[in-house]
Amino acid sequence: MKIIVGSRGSNLALTQTNWVISELKKHHPNIEFEVKIIKTKGDLIQNVSLDKIGDKGLFVKEIEQQLLDKKIDIAVHSMKDMPSSLPEGLKFAGVPKREDIRDVLILKEGYNSLDDLPEGAKIGSGSKRRKYQLLKHRPDLNIVPIRGNIETRMKKIEDENLYGVILAAAGLKRAGLEEKISCYLDIDTVIPAPAQGALGIEIRKGDPKVEEVLDCIKDEASQIQVSAERGFLDGINGSCHIPIGAYCMVNGENISLTGLYGDEEGKKLITKTIEGKKSEARELGIELAKLISKEFEFYEG
């Protein structure tokens with residue numbers, strides 16, 4: 001049996017894809033895996049901010065098309081980059097064990113924390129969620145937009161005279177760049193993106209052989225967390241144009257889910273937490289989205 005795995009071409013995307021393959025090989029030594037690199041629109045347009053050129057689908061459409069056309073058998077994504085709904089005919093396989101969910105700061109030499117930074121310090125971020133939560137704690141900061149892969153963003157500290165950049169811990173850890181992290185941001189300071197740190201393995205519906213191969217790397221707790229957080233994303237109809245975050249904690253049979261939602265200018269940020277059963281993770285996410293939307297409408301009205 002041969003499985004062709006589709007991936008974007010960045011260092012992080014290939015590292016994640018190769019990690020999935022090496023985990024699968026432990027359980028299926030007789031299967032041959034081949035990586036196919038696919039360029040997406042999001043990779044080709046690097047000089048424009050995401051909310052100006054489209055939505056999260058920019059990084060996945062071409063890959064999903066190859067899945068539908070049976071040119072690849074599975075696709076490995078960062079789950080936080082996935083739109084809230086998938087094209088007809090595609091689905092996610094089980095979620096592998098999740099990495100660190102937090103955001104981090106990489107700061108220029110001599111600085112070790114958010115509080116260390118001088119007034120008006122320039123910080124690079126490609127995300128409104130990160131930008132407005134940082135400004136809530138340090139309204140004096142100058143948050144400037146940046147794009148590109150991890151290495152490109154880190155290089156901008158020097159090239160664009162920034163005091164630092166804010167990135168996801170998971171990507172840096174997977175890419176072997178953990179030592180570059182200056183400080184971790186507490187999840188109460190910056191609520192992560194829904195499903196941050198989790199991998200999304202996309203497959204065709206009605207392909208039981210491939211799904212069976214992938215079952216061996218499924219992690220139950222990660223699956224529950226992602227289900228709740230993406231339920232919230234779906235319910236709130238989230239895009240990259242607005243700040244949106246979520247994190248789910250699993251405690252025995254129960255879960256607690258925190259959601260963040262704001263307007264495009266970051267003038268209003270609403271955070272709420274609800275609790276429920278882990279067996280109803282997705283429904284809880286949708287319920288939280290309704291509660292926050294209602295409060296937001298009341299504020300808007």
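By the 4.5 Å heavy-atom criterion applied to side chains, Trp19 and Leu199 are counted as neighbours. Counting heavy atoms from C-beta on, the side chains of Val60 and Met82 come closer than 4.5 Å. The closest side-chain heavy-atom distance from Lys36 to Ser7 is not below 4.5 Å. In this structure, Leu86 and Glu64 have side chains that are in contact, with non-hydrogen atoms separated by less than 4.5 Å. Val20 is not listed as a side-chain neighbour of Val5, based on a closest heavy-atom distance of 4.5 Å or more. Counting only heavy atoms from C-beta outward, the side chains of Pro96 and Asp219 never approach each other to under 4.5 Å. Counting heavy atoms from C-beta outward, Leu134 and Ser125 have side chains that stay 4.5 Å or more apart. Counting only heavy atoms from C-beta outward, the side chains of Val104 and Leu185 never approach each other to under 4.5 Å.
Taking 4.0 Å as the cut-off between side-chain N and carboxylate O, Lys39 and Glu62 do not count as a salt-bridged pair.
Across every non-hydrogen atom of Ile63 and Ala75, the tightest pair is CG2-CB, 3.5 Å. Closest non-hydrogen pair, Pro194 versus Gly245, comes out as CD-CA, 3.9 Å. Across every non-hydrogen atom of Val95 and Ala198, the tightest pair is CG1-CB, 4.1 Å. The two residues Pro192 and Tyr247 have their closest heavy-atom pair at CD-CD2, 4.0 Å. Between Glu23 and Lys26, the shortest heavy-atom contact is OE2-NZ, 2.8 Å. Here the shortest heavy-atom pairing between Gly200 and Met79 reads CA-CE, 3.6 Å.
Shown here are the side-chain hydrogen bond (donor to acceptor under 3.5 Å, both in side chains) partners of Asn251, two or more places apart in sequence or in another chain: there are none. Under the rule for a salt bridge (charged side-chain N to carboxylate O under 4.0 Å, His left out), the partners of Asp159 that lie at least two apart in sequence or sit in another chain are Lys155. Applying the side-chain hydrogen bond (donor to acceptor under 3.5 Å, both in side chains) rule to Ser227 yields no partners; only residues at least two apart in sequence or on another chain are considered. Asp140 is linked by a side chain to side chain contact (heavy atoms under 4.5 Å, CB included) to Glu119, Arg138, counting only residues two or more places apart in sequence or in another chain. Applying the side-chain hydrogen bond (donor to acceptor under 3.5 Å, both in side chains) rule to Tyr132 yields no partners; only residues at least two apart in sequence or on another chain are considered. The side chain to side chain contact (heavy atoms under 4.5 Å, CB included) search around Thr271 returns Ile191, Thr258, Leu260, not counting sequence neighbours. Qualifying side chain to side chain contact (heavy atoms under 4.5 Å, CB included) partners for Asp186, counting only residues two or more places apart in sequence or in other chains: Asp188, Thr189. Residues forming a side-chain hydrogen bond (donor to acceptor under 3.5 Å, both in side chains) with Glu202 (at least two apart in sequence, or on another chain): His77.
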Show the atom names and distances, to 0.1 Å, of all donor-acceptor pairs under 3.5 Å that link a side chain in residues 160-176 to residues at least two apart or in another chain.
{"residue": "Glu160", "atom": "OE2", "partner": "Lys156", "partner atom": "NZ", "Å": "3.3"}
{"residue": "Lys173", "atom": "NZ", "partner": "Asp100", "partner atom": "OD2", "Å": "2.9"}
{"residue": "Arg174", "atom": "NH1", "partner": "Gln16", "partner atom": "OE1", "Å": "3.3"}
{"residue": "Arg174", "atom": "NH2", "partner": "Gly197", "partner atom": "O", "Å": "2.7"}

Using residues 275-291 as the side-chain source, report each donor-acceptor pair under 3.5 Å to any protein atom, sequence neighbours left out, with the distance given to one decimal.
{"residue": "Lys278", "atom": "NZ", "partner": "Glu220", "partner atom": "OE2", "Å": "3.4"}
{"residue": "Arg282", "atom": "NH2", "partner": "Asp234", "partner atom": "OD2", "Å": "2.6"}

Listed pairs under 3.5 Å, donor-acceptor, residues 203-210 side chains, sequence neighbours left out:
{"residue": "Arg204", "atom": "NH1", "partner": "Leu67", "partner atom": "O", "Å": "2.6"}
{"residue": "Arg204", "atom": "NH1", "partner": "Ile72", "partner atom": "O", "Å": "2.8"}
{"residue": "Arg204", "atom": "NH2", "partner": "Asp73", "partner atom": "OD1", "Å": "3.3"}
{"residue": "Arg204", "atom": "NH2", "partner": "Asp207", "partner atom": "OD2", "Å": "3.2"}

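Note that CD1 of Ile74 is 6.0 Å distant from CG of Leu24, once rounded to the nearest 0.5 Å. Going from atom CZ of Arg230 over to atom CD of Gln225 covers 14.5 Å, rounded to the nearest 0.5 Å. Summarising the geometry, atom CD belonging to Gln133 is positioned 6.5 Å from atom CG belonging to Leu269; distances are rounded to the nearest 0.5 Å. The distance from the CD atom of Gln66 to the NZ atom of Lys71 is 5.5 Å, given to the nearest 0.5 Å. Of the inter-residue distances, the one linking Thr273 atom OG1 with Met249 atom CE reads 10.0 Å to the nearest 0.5 angstrom. Once rounded to the nearest 0.5 Å, the distance linking CD1 of Ile157 with CG of Leu107 reads 7.0 Å.
If you chain together hydrophobic residues whose side chains sit under 4.5 Å apart, Leu117 and Val190 fall into the same group. The hydrophobic cluster containing Met1 also contains Val35, counting ILVMFWY residues as joined when their side-chain heavy atoms lie under 4.5 angstrom apart, directly or transitively. Linking ILVMFWY residues whenever their side-chain heavy atoms come closer than 4.5 Å, directly or via other members, places Tyr184 and Leu177 in the same cluster. Cluster annotation: Tyr111 and Leu105 are assigned to the same hydrophobic cluster (Ile/Leu/Val/Met/Phe/Trp/Tyr, side-chain heavy-atom contacts under 4.5 Å, transitive). By the criterion of side-chain heavy atoms lying less than 4.5 angstrom apart, applied directly or through intervening Ile, Leu, Val, Met, Phe, Trp or Tyr residues, Ile224 is not grouped with Ile201; the two fall into different hydrophobic clusters.
Between the side chain of Ser113 and the main chain of Asp116, a donor-acceptor pair closer than 3.5 Å is present. Side chain of Glu229 to main chain of Ala195: a donor-acceptor pair is present (N/O by atom type, distance under 3.5 Å, no hydrogens or angles).
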What do the steps show when you test Ile150 against Asn11 for side chain to side chain contact (heavy atoms under 4.5 Å, CB included), and what is the final call? CA-CA 8 Å; Ile150 290 174; Asn11 177 36; over 6 Å; no
Show the numbers, then the answer: is there a side chain to side chain contact (heavy atoms under 4.5 Å, CB included) between Ile4 and Phe33? CA-CA 6 Å; Ile4 300 172; Phe33 293 92; over 6 Å; no
I would like to know whether Ile236 and Ser293 meet side chain to side chain contact (heavy atoms under 4.5 Å, CB included); could you show each step before the answer? CA-CA 7 Å; Ile236 213 94; Ser293 295; 3.5 Å; yes
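Under 3.5 Å, the side chains of Gln223 and Lys218 contain no donor-acceptor pair of N or O atoms. Between the side chains of Asn149 and Thr152, a donor-acceptor pair is found at a separation under 3.5 Å.
Pairs of residues two or more places apart, or lying in two chains, that qualify as salt bridge (charged side-chain N to carboxylate O under 4.0 Å, His left out) and include a residue from residues 103-112 are Asp103-Arg129, Asp103-Arg130.
Within 6.0 Å of atom NZ in Lys97, 12 or fewer heavy atoms from other residues, nucleotides or ligands are found, so the atom counts as exposed in its surroundings.
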